[in-house]
Amino acid sequence: MKKIVGGTYTGERSLYDLHDAYLENVVFGDGESPLKECSNLMLEGVTFSYKYPLWYGAHFKLNNCKFELMSRSGIWYTDDIEIKNSEIICPKLFRRASNIVLENVHFEDAQETFWNSKNIRLKNVVVDKGDYMFLNCENIEIDNIKTNGNYAFDGSKNIKVTNSVINSKDSFWNTENVVVENSIINGEYIGWNSKNLTFINCDIESDQGFCYIEGLTLINCRFKNTPLCFERCSKINAEINSFVDSIKNPYDGKIVVDSVGEIILDENIVDKSKVEIIVKH
């Protein structure tokens, strides 16, 4: 394997078409696409300072690396990439990429990151801000993410999230096959227009959350500041061990709550015989 240790590379496509190499403490300065069309690279302590560093490549392992602000749109059309113990300052990092593994990674700005990508695994990831993360993705597995940014997971499917904190307005819209466990979810309008959503042992705050869903399961969840939930929602199996502000026009299923402020069932919209609401207190 070729070794490149130290040095600063500038100019467009500075190490274009590099294969089977180990790079250590290298800085890629001004110049687009420094590692375009590359494969089988191991990067240790590498800094990317400009745009499009890893496009049209495959088989990368990065450790203790840094993507600076202007390295935006950094990893597109790329397959099989692992990033650990690294700092990502730039937005739009992943797009149309696949087989992505991140561990112990900090995003300063993850706006429009992970678009149209698949087979994504994240562990111990912090996102300071990042609207529109995970747009139209498939096969996402997340353990311990802390994220701030609206419209997360729109249009994605086959998602599993555990031990996480997600602060996001309109999260999980238009999704399919979602499991969220042991997590905290804050934001308005969670889960609209989705299919097969399951939340287990979660603390949830959502103005008008969980509406227009087909197939919703809530197990040992707690709600806070969540009025007008379940509107036009079908195939509900919900166990909410807390007070719920209000429930509005669920189509069918079973809802068990500790207590509820108001139940709204409009006979012009809902067949009451198909809805079972059990209030324990």
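Any value given below was found using the heavy atoms of this structure, including those in side chains, with hydrogens, waters and symmetry copies removed.
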Mind checking whether F172 and F199 have parallel, tilted or perpendicular rings, split at 30° and 60°?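 Because their plane-to-plane angle is over 60°, the rings of F172 and F199 count as perpendicular.
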Establish whether [X] and [Y] are linked, either directly or via other cluster members, by ILVMFWY side-chain heavy-atom contacts under 4.5 Å.
| X | Y | answer |
| --- | --- | --- |
| I263 | V270 | yes |
| Y52 | L43 | no |
| V279 | F210 | yes |
| W55 | L35 | no |
| I213 | Y189 | no |

Do [X] and [Y] have a side chain donor and acceptor closer than 3.5 Å?
| X | Y | value |
| --- | --- | --- |
| N85 | N64 | no |
| S164 | S183 | no |
| E103 | N124 | no |
| E68 | S49 | yes |
| D20 | N40 | yes |
| N150 | S168 | no |
| H106 | D128 | yes |
| N225 | E205 | yes |
| E239 | N241 | yes |
| D79 | S98 | yes |

If you round to the nearest 0.5 Å, how far is [atom2] of [Y] from [atom1] of [X]?
| X | Y | atom1 | atom2 | answer |
| --- | --- | --- | --- | --- |
| D245 | Q208 | CG | CD | 11.5 Å |
| N182 | T162 | CG | OG1 | 7.5 Å |
| I142 | R121 | CD1 | CZ | 12.0 Å |
| N177 | S156 | CG | OG | 11.5 Å |
| D252 | I236 | CG | CD1 | 7.0 Å |
| H19 | E37 | NE2 | CD | 8.0 Å |

Using a side-chain heavy atom cutoff under 4.5 Å and only I, L, V, M, F, W and Y, what cluster partners does [X] have?
| X | value |
| --- | --- |
| V165 | I184 |
| Y151 | W115, Y132, L135 |
| L228 | I264 |

Short side-chain to backbone donor-acceptor contact, [X] and [Y], under 3.5 Å:
| X | Y | result |
| --- | --- | --- |
| S117 | A97 | yes |
| S194 | G191 | yes |
| S71 | L69 | no |
| S206 | G187 | yes |
| T198 | V179 | no |
| T226 | D207 | no |

Checking side-chain hydrogen bond (donor to acceptor under 3.5 Å, both in side chains) for the pair N201/R222: CA distance, chi angles, key distance, verdict? CA-CA 8 Å; N201 193 33; R222 293 155 296 278; 3.0 Å; yes
Under the ring pair (Phe, Tyr, Trp, His ring centres under 6.0 Å) test against F114, which residue among F153, W76, F134 passes?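 The option that passes is F134.
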Apply salt bridge (charged side-chain N to carboxylate O under 4.0 Å, His left out) to [X] and list each qualifying residue two or more places apart in sequence or on a separate chain.
| X | value |
| --- | --- |
| D258 | K280 |
| K92 | E112 |
| E87 | none |
| K129 | none |

So E82 and K61, salt bridge (Lys or Arg N to Asp or Glu O under 4.0 Å) or not? Walk me through it. CA-CA 5 Å; E82 177 186 285; K61 290 184 180 294; 3.6 Å; yes
Does [X] have any ring-ring contact (aromatic ring centres under 6.0 Å, His included) partners at least two apart in sequence or in another chain, and if so, which?
| X | result |
| --- | --- |
| Y56 | Y77 |
| Y9 | F28 |
| W173 | W192 |

Charged N-O contact under 4.0 Å between K235 and E214: yes
Residues in side chain to side chain contact (heavy atoms under 4.5 Å, CB included) with E12, at least two apart? E32
Any residue meeting side chain to side chain contact (heavy atoms under 4.5 Å, CB included) with I269, in chain and number order, not counting sequence neighbours: R232, N249, Y251, D266
Just to verify, which of T78, I120, N116, L102 counts as forming a side-chain contact (heavy atoms from CB on, under 4.5 Å) with F94?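 The side-chain contact (heavy atoms from CB on, under 4.5 Å) with F94 is passed solely by L102 among T78, I120, N116, L102.
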For the side-chain contact (heavy atoms from CB on, under 4.5 Å) test, which of I100, N99, L41 pairs with I81?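 Going through the options one by one, the only one that passes is I100.
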Taking atom NZ of K157 as the centre, report whether more than 12 heavy atoms of other residues, nucleotides or ligands fall under 6.0 Å from it.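 Open.
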